[in-house]
Amino acid sequence: MGRSFFRRDPATVARELLGCAMLHCCDGEWLGGWIVETEAYLAEGDPACHAARGRGRSNASMFEPAGTLYVYPIHAKHCVNLVTENAGVGSAVLIRAIEPVWGIDAMMQNRNVSDLRRVTSGPGMICSAMGIDRASDAMDVTRADDWLLTGGHQVADRVTQTPRIGVSRAADLRLRFFVDGNRFVSGLAREHTRPRRDVLGPDKDPSR
DNA sequence: ACGGGGATTTTCT
DNA sequence: GAAAATCCCCGTG
């Protein structure tokens, strides 16, 4: 997957990353799987984007060329993004969930869980399982020999789009994408207990 | 130096 | 469903 793939607008990249493979070579072993959930963060008109208040020390890699990794710490964990658009533009795609495929045993050990659904079904879980931390920040995924992003399944006809998870600002933007029906998508328990959207009506719930 | 918030996860009731 | 755990980062003083 070349740089031109990532140089497009983040919503398109987020949608088309679904079904692609993401792998990180950690201690000589390739870890990763199929991407099944993503979120786009826009350079313009998106106060939830970390680049919204300009370039700082912690978010500098967001302004690097497309295909750069932006890894940031939060709540004693890490989240991994793929930077989009041209250098100098602060936009990216957050990888929220992966279907585990390669190095499953090692990833389960890294996460200290035995349930496969609790290995990479959340942005913090992904980094923990795949051995991703600040050391991976600002790496170029199109050149690094311990990273691999490549095409895989065709899932374009099974993509669902909703508002993003856990963001307080710009909550109306529907920039979360996931593979419909995939059991490794995050927050599935919550979706079940949430009030039925068709009862609330289309104007009340932005996720529809 | 200090304090609060955050693109989270886990556990308990 | 609610709240704790946990820590880095930036904005103030």
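We use all heavy atoms of the structure for the numbers below, so side chains are in, but hydrogens, waters and symmetry mates are not. Residue numbers start from 1 in every chain, and the chains themselves are labelled A, B, ... in the order their sequence lines are given, proteins ahead of strands. All figures in this text were calculated on a predicted structure; none of them were measured in a lab.
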Within the structure, does a side-chain N or O atom of [X] lie under 4.0 Å from either OP1 or OP2 of [N]?
X: A/Ser58; N: C/dC8; value: no
X: A/Arg53; N: C/dG11; value: no
X: A/Arg164; N: B/dG6; value: no
X: A/His50; N: B/dA7; value: yes
X: A/Arg169; N: B/dG5; value: no

In whole Å, what is the span from the [atom1] atom of [X] to the [atom2] atom of [N]?
X: A/Ile74; N: B/dG5; atom1: CD1; atom2: C1'; value: 9 Å
X: A/Glu37; N: B/dT8; atom1: CD; atom2: P; value: 10 Å
X: A/Leu94; N: B/dG6; atom1: CG; atom2: P; value: 16 Å
X: A/His75; N: C/dT6; atom1: NE2; atom2: P; value: 12 Å
X: A/Asp172; N: B/dA7; atom1: CG; atom2: P; value: 15 Å
X: A/Lys77; N: B/dT10; atom1: NZ; atom2: C1'; value: 8 Å
X: A/Asp133; N: C/dT6; atom1: CG; atom2: C1'; value: 17 Å
X: A/Asp115; N: B/dT10; atom1: CG; atom2: C1'; value: 14 Å

Taking the same atom, P, in B/dA7 and in C/dG1, what whole-Å distance lies between them?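 Per the computed distance, 23 Å lies between those P atoms.
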Pick the P atom in C/dA4 and in B/dG4, then give their distance to the nearest Å.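 Approximately 15 Å lies between the P atom of C/dA4 and that of B/dG4.
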Whether A/Trp147 and A/His24 hold their rings parallel, tilted or perpendicular, with breakpoints at 30° and 60°: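 It falls in the parallel class, under 30°.
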Could you tell me the Watson-Crick or G-U partner of B/dA7, where both distances fall under 3.5 Å? Say none if there is no partner.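 Partner of B/dA7: none.
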Pairing partner (Watson-Crick or G-U wobble, both distances under 3.5 angstrom) of C/dT6: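 When the pairing criteria are applied, nothing turns out to pair with C/dT6, so the answer is none.
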So with a 6.0 Å cut-off around CG of A/Asn112, is the heavy-atom count from everything else above 12?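 For A/Asn112, atom CG is not crowded (no more than 12 foreign heavy atoms under 6.0 Å).
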Out of C/dC9, C/dT6, B/dA7, whichever nucleotide has its closest atom nearest the side chain of A/Arg134: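 Of all the options, the side chain of A/Arg134 is nearest to C/dC9.
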Out of B/dT8, B/dA7, C/dC9, which nucleotide sits closest to the side chain of A/Asn81?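 Side chain of A/Asn81 sits closest to B/dA7.
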Atom of A/Val119, atom of A/Ala129 and distance for their closest heavy-atom approach: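 Closest pair (atom of A/Val119, atom of A/Ala129, distance): O-CB, 3.6 Å.
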Side-chain (A/Asp137) to main-chain (A/Val71) donor-acceptor, under 3.5 angstrom: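 Yes; at least one donor-acceptor contact below 3.5 Å.
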Contact nearer the 5' end of DNA chain B, comparing A/Pro73 with A/Arg118: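 That would be A/Pro73.
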Centroid distance under 5.5 Å and plane angle under 30°, A/Tyr41 vs B/dA7: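 Yes, A/Tyr41 stacks on the base of B/dA7.
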Between A/Arg111 and A/Ser128, does any side-chain donor sit less than 3.5 Å from a side-chain acceptor?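 Their side chains do not contain a donor-acceptor pair, so the 3.5 Å distance test is not met.
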A/Arg8 to A/Phe5, cation-pi by 6.0 Å centre distance and 45° axis angle: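 Checked: cation-pi criterion met.
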